[in-house]
Amino acid sequence: MRQLLARLNPEQRRAVTTTDGPLLVLAGAGTGKTRVITVRAAYLLDQGNPAESILAVTFTNKAAREMKARIVGLVGKHAAVGLTVGTFHAFCARLLRKHGAPIGVPPGFTICDASDQLAAHKAVLRDLHVPEATIHPRQLVAEVSLLKNSLVNPEAAGESAVDDRDHLVALAYRRYGEHLRRAGVLDFDDLLLRTLDLLREHEPTARNLTDRFRYLMVDEYQDTNGPQFEIVRRLAGERRNLCVVGDDDQSIYGWRGADVKNILGFERQFPGATVIRLETNYRSKEPILAAANKVIGNNPARHGKTLRAARGEGSPVRVFGVDDEEREARNVVTDIEGRKTTSPLKDMAVLFRAAAQSRALEAALRARAIPYRLVGGPSFFDRKEVRDVLAYLKLLANPTDEVSFLRIVNCPPRGIGKSTIDKVLAYATEHGLGAAAAFENSEIPAKAKAAAAELKATLARLGEKDPGPRLVNTIRALLDAIDYRVELVRCYADEQVREQRWNAVEEVVNFAENYVRRSRGPTLTEFLERLALTATDDEKDDDQKDGDALTLMTLHAAKGLEFPHVYLVGCEEGLLPHDKSVATDQVEEERRLMYVGITRAQDNLTITFAKSRAKFGRRAERMPSRFLYELKGEAPPKTWRAAGQKAPAERPTKKANGRRRSRR
DNA sequence: CATGAATTTTTTTTT
DNA sequence: AAAATTCATG
């Protein structure tokens, strides 16, 4: 332990050894933040604290896994047993599964992911007979979620509504909540909110938890939202052994309800808190750091840190303007090919603002046969056939899960079409029933009724009890019962496509096999929970990990990572900062995003912008990002303002589409 | 009710 | 340009 401490700088060491009372570690990019947290955990263990008393929370599964692995590396596998390291959502899900019953959370609840959430909101709108033209379901999801995360309940939302639209949102919010509750389903936000309810309303559990977790650590604290803050505050209790680590300059999740005030106001929330600043950057060469400092310096309201480069001089940041996104992709790829002779591909990353930007890059990489790894992107679990199968499984675990039910009720086709479903749904809301139950009594074609009854029987038979270790058999029996293979044959004429789709289904089975093998007491419920909460990564990138490959990802996904060579593409007005953010006055967050991007680079940073870019298939002129001028310390040219300002065009709504698009 | 064609929307970021 | 949704037809 002494050796470990000796390898830290004085500030880091102080952060590690300050174990009691509230502690805020302001850790600039690349200042050894993860190192501090992991060594701190090791230090706590070394001081004789039981592993069970330590809770470390992160935001992503990847971060959680990495943290756990590094702690194990420090103290050994044995000493780390019993340590709780996980994401907020995973931690909350486990808690609710175990202790949620007293506050009305059914132990068998299923978790609905983003697309289920969207489907549920659409169902609510349909139910309210509100045409989707009135309010876009996507926007509704975002607004309702933001309300939830701001701890505003439907009643309060209704009261503070000032126009029809607000009222509609409040109403839809209430209906959506009722819908989920009746179905025994929780969305991501509910995991946090219900946990908060649990801590507030169920004293015994709350005490139990505060007694157990004597030391709390929260990573990426700048990204916590209201409920997360409350959860942490309550868990810390009066003991207040709470260590939060973060960087206000890297707060990039405001749109998800994250509140920078949590980190900016920590000292006020926890009077007497120790504040430690980590300002020595061990990651980037000086020119890169200088660029980062210049850009972020334009943001007001910061905790204020000045990063010092420990690594000294290096090559300057390169900025290139190109004609269009194709050219941009080709140039970047050519540059990467050149670099490939001296550095492995895994030391390079291409970062961008929006996921869609990967298209052009992927095309160029394929053309040159350069292996790449796209992080984030559409997951394996988003494929239609996988989602279908999972919906069936969710129904086995939770027969009242209406979202899943509606998804699969006519897949494979059972003669239960749209009009039938509409009738059933109308009947269901009228009588306060679930959709599945409403099938029996509503007036619909006998054929459809019979089909529904058969489906119900099948599900009841397979879902009678949790299959536990026989999970794989159950999945196979299910696929058999619904003839899913046949369904694929029916849907896809192309042999190859069909095989691909079936492979995806087989992959779910494999996944289940792995899960059962690794888990001690496997259950279907837990299996589904894992899929919902750790969807993207895990096994998936294992295959691609062994080979040397370039990394492509969004700026959001890049946070916390570092690469020797970084390409930051699409640095244009409208993209970074994004039009939508400019329109809603959130340029500061975009600037932080830029800052995150710059500070990922260790040795070389290349920034590009295109003079024209295709958007929705239409080509448009682009201006270099304002951040590029900030980076160089120049004022933007006069013409920039005029061009930059015609961007917004918010609130299109009205259907006055008299103007037709000219073809091609 | 199911199917394929026509039309519309999507791209900001994610647990 | 692609995906999702709506429409028209069998």
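The shown structure was predicted, so the numbers you read here are calculated from the model rather than taken from an experiment.
- When distances are taken from the side chain of A:Ala354 to each of B:dT13, B:dT15, C:dA1, the shortest belongs to B:dT13.
- Looking at the side chain of A:Thr87, the nearest of the listed nucleotides B:dT14, B:dT11, B:dT15 is B:dT15.
- Computed from coordinates, the A:Ile421 CD1 to B:dA2 P distance equals 9 Å when rounded to whole Å.
- In the set B:dT12, B:dA2, B:dT15, B:dT15 carries the atom at the smallest distance from any side-chain atom of A:Phe188.
- Donor-acceptor pairing under 3.5 Å, judged by distance alone, is present between the side chain of A:His89 and the base of B:dT15.
- Rounded to an integer number of Å, the gap from A:Lys122 NZ to C:dA4 C1' is 8 Å.
- When the options A:Tyr221, A:Tyr253, A:Phe88 are evaluated for a ring pair (Phe, Tyr, Trp, His ring centres under 6.0 Å) with A:Phe59, the one that passes is A:Phe88.
- Mapping A:Lys418 and A:Arg359 onto DNA chain C by nearest heavy atom places A:Arg359 closer to the 5' end of the strand.
- Proximity note for A:Thr420 (side chain, C-beta onward) versus B:dT14, B:dT11, B:dC1: the nearest is B:dC1.
- Atom OH in A:Tyr595 sits about 19 Å away from atom C1' in B:dT13, given to the nearest Å.
- Of all heavy-atom pairs between A:Val57 and A:Thr87, the closest is CG1-C, 3.9 Å.
- Between B:dT11 and C:dT6, the two P atoms lie 16 Å apart (nearest whole Å).
- Ion pairing between A:Arg591 and A:Glu588 fails under the 4.0 Å rule for side-chain N and carboxylate O.
- When distances run from any side-chain atom of A:Glu590 to the nucleotides B:dT12, C:dA1, B:dT14, the shortest one goes to B:dT12.
- The aromatic rings of A:Phe527 and A:Phe511 are tilted relative to each other, their planes meeting at an angle between 30° and 60°.
- Looking at heavy-atom distances under 4.0 Å, A:Arg490 makes contact with sugar-phosphate atoms alone, never a base.
- Along DNA chain B, the nucleotide nearest to A:Pro413 and the one nearest to A:Leu593 differ in position, and the one closer to the 5' end is contacted by A:Pro413.
- Between A:Lys611 and A:Glu572, no side-chain nitrogen of the basic residue sits less than 4.0 Å from a carboxylate oxygen of the acidic one, so the salt-bridge criterion is not met.
- Residue A:Ala614 is out of contact with every strand shown, counting any heavy-atom pair closer than 4.0 Å.
- At the heavy-atom level, A:Tyr253 lies under 4.0 Å from the strands shown only through sugar-phosphate atoms.
- Contact annotation for A:Asp113: no contact, since no heavy-atom pair falls under 4.0 Å across all strands.
- A:Arg592 has its CZ atom 13 Å from the C1' atom of B:dT13, to the nearest Å.
- Nearest to the side chain of A:Ser581, among B:dT12, B:dT11, B:dA2, sits B:dT12.
- Between B:dA2, B:dT12, B:dT14, one nucleotide has an atom nearer to the side chain of A:His578 than all others, and that is B:dT12.
- A:Arg618 places its CZ atom 17 Å from the C1' atom of B:dT11, with the value rounded to the nearest Å.
- Between the side chain of A:Arg353 and the base of B:dT13, at least one donor-acceptor pair of N or O atoms lies under 3.5 Å.
- A salt bridge between A:Glu440 and A:Lys449 is absent, with no side-chain N of the basic residue lying under 4.0 Å from a carboxylate O of the acidic one.
- Contact check, A:Asn61 against B:dT14: no side-chain N or O comes under 4.0 Å of OP1 or OP2.
- Using a 4.0 Å cut-off between charged side-chain N and carboxylate O, A:Glu385 and A:Arg501 make a salt bridge.
- Among B:dT15, B:dT11, B:dA2, the nucleotide with an atom closest to any side-chain atom of A:Thr60 is B:dT15.
- You won't find any donor-acceptor pair under 3.5 Å spanning the side chain of A:Trp255 and the base of B:dT12, going by distance alone.
- Between A:Gln139 atom CD and B:dT12 atom C1' the separation is 13 Å, expressed in whole Å.
- Considering only residues two or more places apart in sequence or on other chains, A:Arg194 meets the salt bridge (charged side-chain N to carboxylate O under 4.0 Å, His left out) condition with A:Asp197.
- Across the protein-nucleic acid pair, A:Ile231 atom CD1 and B:dT15 atom P stand 17 Å apart, rounded to whole Å.
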Base-pair string, DNA chain B, Watson-Crick plus G-U, cut-off 3.5 Å on both distances, | for inter-strand, is ||||||||||.....
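- Residue A:Arg138 has no polar side-chain atom (N or O) positioned under 4.0 Å from OP1 or OP2 of B:dT12.
- Distances shown here put a side-chain N or O of A:Thr554 below 4.0 Å from the OP1 or OP2 atom of B:dT14.
- Checked for salt-bridge contact, A:Lys33 and A:Asp219 meet the test: a charged N lies under 4.0 Å from a carboxylate O.
- B:dT10 atom P lies 10 Å from atom CG of A:Leu118, rounded to whole Å.
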